[in-house]
Amino acid sequence: MTDNARAEAVVLRGVSKFFGTFQALKNINLTVREGERIVVCGPSGSGKSTMIRCINRLEAHQEGSIHVLGTELGDDLKNIDAIRREVGMVFQQFNLFPHLTVLENCTLAPRLVLRMSEADAEKEAMRYLERVRIPEQAAKYPGQLSGGQQQRVAIARALCMTPRIMLFDEPTSALDPEMISEVLDVMVELANSGMTMICVTHEMGFARKVADRMVFMAEGEIVESNDPKSFFEQPKSERTKQFLSQILSH
Amino acid sequence: MSALAASTARYRHGMEPFATVLVRRMFATWHDAAISIVCLAFVIWLLPKLIGWAFLDAVWSAPNATPCIGGAGACWAVITARWRLIIFGLYPFDQHWRSGLACLAVVVVVVLSCVPALWRPVRLSLLWLGGFLTFYFLMRGGVFGLSLVGTERWGGMALTLFIFTAVAVLGMPMAIILALGRQSELPAIRWLAGLLIDTVRALPLLTVLFTAAVILPFALPDWLIGDKLYRVIYAFALFFACAQAEIIRGGLQAIHAGQLEAAKALGLGYWHRTWHIVLPQAFRNSLPATINQFVITFKETSIVIIIGFFEVLASGHAAYGTGDWTSAYAEVYVFIALIYFAFVFSLSRYGAHLEKRMRLGHD
Amino acid sequence: MMELTALLRSGRFRGWLYQTAVVSVACLILISFVVTARHNLVAQGITTGFDFLQRSTGWDIPFALISYTINDPYWRVFLIGFANTIFVGTLGLIFATLFGTFIGIARVARNPLLNALGTVYVEIFRNVPLILQGLLWYAILTRLPSPRQAISIWDSIFITNRGLYIPFVAMSHGTFLFIASVFVLAGFAIALLPRLAGIGTSRSGFRRLVRTALLTAAAIAVAAVIGARDPQAGLITIPMLKGLRFEGGLRVTPEFTALFVAIVCFGSAYVAEIVRGGLLSVNRGQLEAAGALGLRPFHVYWYVRIPLALRAIVPPMGNQFVWLMKATTIGIAFGFSDLFMITSTAINQSGQTIEILFIMMSGFLLINYVISTAMNALNRSIALKGYETKGT
């Protein structure tokens, strides 16, 4: 990997996050370069979701610094807006807007935030809906779609903002098993197109296929960070070995 | 007969003729039969009397109450003679058509509001604002060659409807602001909104209106005092807003937290999130309760009679209180009750229908 | 300059800015109200403060539970107004609840006739404004025959346009009613408190408590009747026509009756809907399970359906109680002297606008607070253990 020349997309330095007295993140250091695909895994409650939610400030960190595309994330509202425009996010529960059609879900933010005309926004949205292979559902409401279809719409909705970084927060955990692959296929394709991606997921097959780097977290700390081959074949720490044996054993 | 058997019996007899099922259910057990007989006796005793009073023995039209005196029936002649007074109050007689059209405009607005295709914030706001302005200019005149009629001459059903629409049009935005304030992340605003809402809700509407009508002039500089009618409407709107704010808050709390997060992650700012994501869902969640609140508010407009306005109850008093109709008070009250009933019953039926539909939609 | 823009863009700073702005505007409005009001009152020569409470009023009250003369001070009329509101409200609530529960049960009954009658009742009384109902009852009551042509039942109850005359224990009835209402309330409180505090949660223990409380209340009431009665008169006086009016017995004024009947009719229609909703909210599976255990329908109702329905009934019932209590203010339309009517008369007579408004609002806030606290406590105590809703 000769990515060191590429620009830094996300830099976390000494980031800590507390919920009351509970420390959810402990001194996290992580650098993601443009075009890099990071897969974050770890047992539940290990702080994976909290970490990526800090990157677009759905959660505020208390210590350390987070830089996204060179801009520091802090209390500055302009910076938060600017960063959220460049960072797309896909949620475990899809979080599509139930009162809007699929197409309206996709065009809302481009129209309001990027001030696109309705026609342009719709044209763009249709392009992305084709890319996630559900253009025929454009006029339906989210409640009328299957989970897998909803999650693909959610990906399209995020892409409509033409983000430079995509965050995935356990995108397949809420899906029925038979729908997981249709979502992963879209994600693989997205990864192949060169998008910077940070994915929290337990889909190790997906991780092997696309990840440039694996990050293993436990109890709010990054325990191990390595390329997938070494990560899966020669895990360094005991906890990683234990975790892998638990999730790969079936 | 156990509850289990009862519930299955309901389905088993589903295919039989309706009347058979009715009779079977009326006499299912000996105590059912006893209850049925008592009820039946009550109905047989009451119904002929009621029909006799309201229809058979009623006097339908007469120049004065003399033909009614001593009769066993209702004196509907008072309505035939005085209905214009009840509906239009002291509005100039030759201009009653304007008042009538204005009332019609409000009815049309209420009916149109029940059409789901219009349930968009912009469309509904425009509809109500349009209806309100139509009403206002038709009643007040002074434009399009209509003669000017001051609010002091407005009365009857028209005044009731005016207060109702004005309260709704002013109160709804206030309710939204108060509800958002109460859910605000800023503690001082949350606390202030909560204090206002809780205090106003703890007070009887009548005392709020009384304060606005009688006491507020003491506490306001002269240039702000304005017309008593408008002061009462503002106070009524505030009262409506505080109740409606709690309803909207219920709708807000039912929104999944992920909705806000998704909107934030897409880069939508506070106002965009509120207007496009939060409020539409909050309103949808609280629709049945909102309709109920409108129903209650419509009924409550009747208490402005105590503050001294010539709304439909007061004009009813005038209808039987003057001349020689004094014995026909019950007929006037029943007539006004029927007007209220028609509005309120249909609106609450619609609300119940909507609630049922929404519940089915969730399953 | 850079620092200023950075400050303006800071979320925390903006938060402070908005809050300071809103709070200042609110304070400003409030202060300007008070200043203008003071100015206007001073201009009218009215001294502010609560000294006027000791002055005698000089006007009469048509309906008072506590004895009253026109020489009594202002604080006493407010007490009377407060007592009147509580009295008619509490009586109205009790009867509306009992009657409404009965109709609510009728509304879910299998008997189609009972069902239909319940529906008609609810739709009629719920869809007509309360004040219209009150005015209609009042108009009917005041058009009854005059005392000389009174409708008499067994020569001891007389229905007239001046009110309803009934035989009663011989004592100043105002005092008696006040004492009785206090004791009834106390009885309920005694019965409910231990339950609310979590003691005696067993069904039989609760029953025993209720019984003890009611017996105690009855005993105290009997003692009060015997102790406070006029020694010259017999135990009970019966109304008798003396000239143009009745003497003896208890006179129930048409104002009170009209308000009471209106509250009960309107309130019971709403209570019926709440009870019906509660009964329908009980999972059919629970009832079928109870039936499958061989419980008779009445037992299924009493031991399974009603206890479970109660959880859905109590919260909206609390709101309804508060609403009905506040709705007693419409009595002013036909001259029932509740707290609001006394307030408006007192403002008219004394000019002490702000103080009297403050007293009235405190009165209603207190009533509101007591009802909602009691209902919340009740709600907590009947919550199904392990199924409490977490958070909000």
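Note that the structure is predicted; figures quoted are calculated from it, not measured. Protein chains get the first letters and strands the later ones, always in sequence-line order, with residue 1 at the start of each.
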TODO: Heavy-atom pairs under 4.5 Å with chain B are the metric here; pick the option from C/Met361, C/Glu123, C/His299 that has the most.
DONE: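 Among the listed options, the one with the most contacts to chain B is C/Glu123.
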Chain B heavy atoms under 4.5 Å from [X]: which part of the residue, side chain, backbone, both or neither?
X        : result
C/Asn368 : side chain
C/Ser372 : neither
C/Phe125 : neither
C/Ile140 : both
C/Leu41  : side chain
C/Ala139 : both
C/Arg126 : both
C/Leu117 : side chain
C/Tyr270 : side chain
C/Trp16  : neither
C/Gln133 : neither

Task: Short side-chain donor-acceptor distance under 3.5 Å, C/Thr142 and C/Asn161 - done: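 Distance-only check fails for C/Asn161 and C/Thr142.
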Non-hydrogen atoms of chain C under 4.5 Å away: do they reach the side chain of [X], the backbone, both or neither?
X        : value
B/Leu206 : both
B/Leu338 : neither
B/Arg190 : neither

- [ ] For the pair B/Phe240 and B/Phe294, name the ring-plane relationship: parallel under 30°, tilted 30 to 60°, perpendicular over 60°.
- [x]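 Rings of B/Phe240 and B/Phe294: perpendicular, over 60°.
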Open item on the list: Please verify the inter-ring angle class for B/Phe210 with C/Phe340; under 30° counts as parallel, over 60° as perpendicular, anything in between as tilted.
Closed with: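 Because their plane-to-plane angle is over 60°, the rings of B/Phe210 and C/Phe340 count as perpendicular.
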Task: Test of ring centre spacing under 6.0 Å for B/Tyr333 and C/Trp137 - done: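 No - the distance between ring centres of B/Tyr333 and C/Trp137 does not fall below the 6.0 Å cut-off.
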Open item on the list: Counting neighbours of CZ on C/Arg38 that are heavy atoms of other residues, nucleotides or ligands and sit closer than 6.0 Å, is the number greater than 12?
Closed with: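 Check fails, neighbour count at 12 or below.
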- [ ] Examine distances only and state if a side-chain atom of C/Thr85 and a backbone atom of C/Leu339 form a donor-acceptor pair shorter than 3.5 Å.
- [x]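 Here the side-chain-to-backbone pair exists.
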